[in-house]
Amino acid sequence: SDPKTRKNLINMKALFRLLRPKQWAKNLLVFAAWIFVGQWYDLALLASTALAFAAMCLVSSATYIANDVRDVEKDRLHPNKKNRPLASGQVPTSVAIVLAGVLAVAGLGIAWAISPTSGQIVLAYLGLQVAYNLKLKAMPVLDVFCIATGFIVRAVLGAAAIQVSLSGWFLLCTGALALMLGFAKRRNEYIIQHENDVEIRESLVHYSLQALDMLVVLFAGLAAMCYAVYSV
């Protein structure tokens, strides 16, 4: 095949990787309200939820790109992150910045088209991610609470998109489960960082393995309790 065509295909693949499509699975939580309402035959509700999912995917990808732009020099020193599209030079930084802006505007536009409330929720999520990437991700415990809040925002967005209310117990269950998974991830990163003597995350220096074990068990129990009460 033509080398120029092959190079363009590689660049398009790198651009797609820059969006981190694997992370879009987190946004499936937007469909929770539609599922629990039980009106699966209502295509209008499904369409609104699908649009909310698309908006969240676009905005979350924009924040991932912005984070990669900010950490590009640090990523180049990391054994694994150096292969990311920006750190490896497959995508120019200027292109990444423009792409992040386009995705953020498009995502906010779609959310606002659903309803002003949906637009405000997505805007709040974007603000939370900006604060997380600039400052909060370096602060222990608070960094995981920010991640958990992001999951709650996804669930709330799904409810706002179809104009229904969610049970407070469902939101508590979602938050507790997200905290359990978040601290479990930090525990795994802590072990890898200490075994390989490489900095994976700045906030990990403030954690201990015993504290992370305790937090995982604590929020696992809280998630189980909230789910039990919600079910009743």
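Note that the coordinates shown come from a computational prediction; the quantities given were computed from them, not determined experimentally.
The hydrophobic clustering, which links ILVMFWY residues whose side-chain heavy atoms are closer than 4.5 Å, places Leu18 and Val95 together. Hydrophobic clustering (side-chain heavy atoms under 4.5 Å, transitive across Ile, Leu, Val, Met, Phe, Trp, Tyr) keeps Val105 apart from Trp112. The same ILVMFWY cluster, assembled from side-chain heavy atoms under 4.5 Å apart, contains both Ile192 and Leu212. In the hydrophobic clustering of this structure, Val205 does not group with Tyr190; members are Ile, Leu, Val, Met, Phe, Trp, Tyr whose side-chain heavy atoms approach within less than 4.5 Å, directly or through other members. If you chain together hydrophobic residues whose side chains sit under 4.5 Å apart, Val69 and Phe16 fall into the same group.
Atom CZ in Arg17 sits 14.0 Å away from atom CE in Met12 (nearest 0.5 Å). Note: Ile65 CD1 to Leu99 CG = 4.0 Å, rounded to the nearest 0.5 Å. With rounding to the nearest 0.5 angstrom, the CG atom of Leu45 is 9.0 Å from the CD atom of Gln163. Here the CD atom belonging to Gln90 is positioned 8.0 Å from the CG atom belonging to Asn83, to the nearest 0.5 angstrom. The distance from the CG atom of Leu128 to the OG1 atom of Thr63 is 9.5 Å, given to the nearest 0.5 Å. To the nearest 0.5 Å, the span separating CG on Leu108 from CD on Gln120 amounts to 11.5 Å.
Looking at residues two or more places apart in sequence or on another chain, you find no salt bridge (charged side-chain N to carboxylate O under 4.0 Å, His left out) involving Asp42. Partners of Tyr125 under the ring pair (Phe, Tyr, Trp, His ring centres under 6.0 Å) rule, at least two apart in sequence or in another chain, do not exist in this structure. In this view, Tyr132 satisfies the ring pair (Phe, Tyr, Trp, His ring centres under 6.0 Å) rule with no residue, not counting sequence neighbours. Listed by chain and residue number, Asp68, Asp75 satisfy the salt bridge (charged side-chain N to carboxylate O under 4.0 Å, His left out) test with Arg84 (two or more places apart in sequence, or in another chain). Applying the side-chain contact (heavy atoms from CB on, under 4.5 Å) criterion to Leu58, with sequence neighbours excluded, gives Leu103, Ala106, Ile110. Partners of Ala52 according to the side-chain contact (heavy atoms from CB on, under 4.5 Å) rule, which considers only residues two or more places apart in sequence or in another chain, are Val30, Ile114, Leu157, Ala161. Legend: residues meeting side-chain contact (heavy atoms from CB on, under 4.5 Å) with Ser94, ordered by chain and number and at least two apart, are Pro92. With sequence neighbours excluded, the residues that form a side-chain contact (heavy atoms from CB on, under 4.5 Å) with Ala220 are Met180.
Of the residues listed (Leu172, Leu171, Leu29), the one engaging Ile152 in a side-chain contact (heavy atoms from CB on, under 4.5 Å) is Leu171, and it is the only one. Shown are Phe36, Trp40, Phe53; of these, the ring-ring contact (aromatic ring centres under 6.0 Å, His included) with Phe31 is made only by Phe53.
A 4.5 Å side-chain heavy-atom check between Val122 and Leu126 finds every atom pair outside the cut-off. Contact check for Leu46 versus Tyr41: no side-chain heavy atoms found under the 4.5 Å cut-off. Here the side chains of Gln129 and Tyr64 are not in contact, with every heavy-atom distance at 4.5 Å or above. Looking at Leu222 and Cys226, their side chains come closer than 4.5 Å, going by heavy atoms from C-beta outward. Two residues are said to be in side-chain contact when any heavy atoms from C-beta on lie closer than 4.5 Å; Met139 and Leu136 meet this criterion.
Listed by first and then second residue, the salt bridge (Lys or Arg N to Asp or Glu O under 4.0 Å) pairs involving residues 205-221 are Arg187-Asp213 (not counting sequence neighbours). Sorted by first and then second residue, the side chain to side chain donor-acceptor pair (under 3.5 Å) pairs with a member in residues 133-143 read Asn67-Lys137, Asp71-Lys137, Asp143-Arg186, Asp143-Ser203, Asp143-Tyr207; sequence neighbours excluded.
Here the closest non-hydrogen pair linking Ala62 and Ala100 is CB-O, 3.3 Å. Across Phe183 and Leu215, no two heavy atoms sit closer than the pair CE2-CD1, 3.5 Å. Here the shortest heavy-atom pairing between Ala33 and Val164 reads CB-CG2, 4.2 Å. Residue Arg76 comes nearest to Leu86 through the heavy atom pair NH2-O, 3.7 Å, listed as atom of the first residue, atom of the second, then distance. Ala14 and Val91 get closest at one heavy-atom pair: CB-CG2, 3.8 Å. Taking all atoms of both residues into account, the shortest heavy-atom contact from Thr117 to Ala160 is CG2-CB, 4.1 Å.
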For this session: Please test Leu19 against Leu15 for side chain to side chain contact (heavy atoms under 4.5 Å, CB included), starting from the C-alpha separation and ending with a verdict.
Result: CA-CA 7 Å; Leu19 302 182; Leu15 278 173; over 6 Å; no

Exercise. Side chain to side chain donor-acceptor pair (under 3.5 Å) between Trp169 and Ser231: does it pass, once the steps are laid out?
Worked result: CA-CA 9 Å; Trp169 286 108; Ser231 297; over 6 Å; no

For this session: Could you check Leu209 against Ile191 for side chain to side chain contact (heavy atoms under 4.5 Å, CB included), going step by step and ending with a plain yes or no?
Result: CA-CA 8 Å; Leu209 190 59; Ile191 293 173; 4.0 Å; yes

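In this structure, Val102 belongs to a hydrophobic cluster whose other members, linked by side-chain heavy atoms under 4.5 Å apart, are Val98. Members clustered with Leu134: Val130, by chain and number, using a 4.5 Å side-chain heavy-atom cutoff among hydrophobic residues.
Using modelled atom types, one side-chain atom of Ser60 and one backbone atom of Cys57 make a donor-acceptor pair closer than 3.5 Å.
Around the CD atom of Glu202, the shell of radius 6.0 Å holds no more than 12 heavy atoms that belong to other residues, nucleotides or ligands.
Ser118 and Ser115 form a side-chain donor-acceptor contact under 3.5 Å, judged by distance and modelled atom types alone.
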